[in-house]
Amino acid sequence: MSKSIPVIDLSDFGAHKNEIREQLITAAVDVGFFVVVGHGIPQNLIDEQFSIAKRFFQLPDDIKAKYSMPKGRNAGWEKMAQVRPSTGTNDLKESIQINYHDMEGLWPTEEDCEGFRSKSREFMTAAHEVSMKILSCFALSLGFEEHFFEPHHDPAQLDNQQCLRCLYYHDCTGQKYPSNFWRAGAHTDFDTLTLLFQKEGEAGLEVCPGREASTDFAMGDVWTPVDPMKGGIVINIGDMLMRWSDDKLKSNFHRVRVPKEGDEYTGPRQSLAYFNQANKSSVIQGPLQKYPPLTGGDFIQQALDRNFAAIQVQKAMHTTSASNSVEIMGTAAA
Ligand SMILES: O=C(O)CCC(=O)C(=O)O
Ligand SMILES: [Fe+2]
């Protein structure tokens with residue numbers, strides 16, 4: 001049975017905090033995915049970020065390659081590079097990831113993409129504010145103090161791991177892909193909380209509720225579409241928050257499918273994901289201490305190692321299939 005994705009209105013947050021908190025926690029425990037409206041980010045700020053990201057993606061590859069993601073980092077440009085353990089194939093997409101620090105040489109210059117840096121930073125600040133509002137509700141529900149998560153995601157800290165990923169899925173019109181190719185293969189996010197901005201008319205995201213533990217790869221087979229909604233931000237719980245909540249809040253598998261020729265829009269698709277990830281030095285441990293303490297830095301490293309091992313298994317299983325003989329390059333977190 002497919003689950004519906006709750007829509008939660010954050011308007012008048014101060015006056016309706018308790019009620020909003022109840023709705024958020026129910027959605028996070030039950031589905032792990034929900035949509036927020038009344039979040040306060042002006043639509044024009046979102047539209048401008050989509051436009052500037054598109055301008056970047058329309059640059060020739062040799063210009064974008066100047067900003068390629070360095071090995072072992074989670075910032076910069078990637079194309080057809082991310083491989084998910086669930087598929088063993090490269091996601092049909094490109095992306096540019098932005099952090100608050102250590103971006104030397106990775107910001108597109110004004111000459112290449114005017115306004116990209118200032119617009120993106122403005123957008124990140126707005127997304128951050130909404131993230132902290134939602135995390136304050138989860139903090140109280142888990143028995144932490146209201147502002148508990150803020151210092152752990154503080155953009156001013158040099159070991160901060162927050163990341164904006166601007167995504168661009170290529171035009172699929174007239175293309176035929178084997179069934180194991182996805183715009184984004186099924187995965188969970190490694191982070192605490194993801195804010196995902198979609199564009200109306202560019203659907204494809206699906207979620208599979210029902211995961212039991214933050215360490216487990218298992219997933220069911222019932223997928224629910226999470227279609228774009230005017231003014232809405234899709235929010236999902238990531239593995240870090242699942243662990244931090246002793247598996248109470250669910251980080252569920254999601255994927256982006258390739259659109260069906262003839263039935264629907266098959267042109268390019270854009271999305272923007274703001275990933276909240278605890279500082280490298282932050283210690284993650286739930287109130288019930290189900291898992292031993294682990295730093296934000298070690299958490300991401302362990303998640304990458306687990307992913308890498310699972311991808312090797314996938315690769316070994318499919319070595320005879322030409323459609324899977326892809327080179328595995330650096331894969332980003334989340
Ligand atoms: O583009 C989307 O709708 C989802 C992207 C996503 O799940 C991710 O990048 O982690
Ligand atoms: Fe994701």
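None of the values given here were measured: they were computed from a predicted structure. Atoms within a ligand are numbered from 1 in the order they appear, just like the ligands themselves.
Between F33 and H254, the distance separating the two ring centers is shorter than 6.0 angstrom. Residues W244 and F149 place their aromatic rings such that the two centres sit under 6.0 Å apart. A distance of 6.0 Å or more separates the ring centres of F144 and F138.
Each of the following atoms of ligand 1 lies closer than 4.0 Å to a heavy atom of S271: 1 (O), 2 (C). Near V256, meaning under 4.0 Å from one of its heavy atoms, ligand 1 places the atoms 1 (O), 2 (C), 3 (O), 4 (C). Shown in contact with Y169 at under 4.0 Å from a heavy atom are these atoms of ligand 1, numbered in order with element: 1 (O), 2 (C), 4 (C), 5 (C). Using a 4.0 Å cut-off to heavy atoms of R165, the atoms of ligand 1 that qualify are 8 (C), 9 (O), 10 (O).
Put simply, the side chain of Q198 never gets that close to the backbone of V234: no donor and acceptor are under 3.5 Å apart. Formation of a donor-acceptor pair under 3.5 Å by the K64 side chain with backbone atoms of L59 is found in this model. Judged purely by atom type and a 3.5 angstrom limit, H39 uses its side chain to pair as donor or acceptor with the backbone of G231. Put simply, the side chain of N160 gets close to the backbone of Q162: a donor and an acceptor are under 3.5 Å apart.
At a 3.5 angstrom cut-off on N or O pairs, H187 counts as close to ligand 1. In terms of polar-atom proximity, defined here as any N/O pair under 3.5 Å, Q198 makes no such contact with ligand 1.
Residue L196 touches ligand 1 through its side chain alone, judged by heavy-atom distances below 4.0 Å. Using a 4.0 Å cut-off between heavy atoms, A273 makes no contact with ligand 1 at all. Contacts between H254 and ligand 1, counted as non-hydrogen atom pairs separated by less than 4.0 Å, involve the side chain only. Counting heavy atoms closer than 4.0 Å to ligand 1, residue D189 contributes side-chain atoms (C-beta onward) but none from N, CA, C or O. When heavy-atom distances to ligand 1 are checked against a 4.0 Å cut-off, Y168 has no atom that comes that close, whether in backbone or side chain.
Annotation: side chain of F253 is in contact with side chain of W223 (closest heavy-atom distance under 4.5 Å).
The aromatic rings of Y168 and F57 sit parallel to each other, their planes meeting at less than 30°, with 60° as the upper class boundary.
Heavy-atom distances between R269 and ligand 1 reach below 4.0 Å in at least one pair.
When rounded to 10 degrees, the angle formed at the Fe ion (ligand 2) by OD1 (D189) and NE2 (H254) equals 90°.
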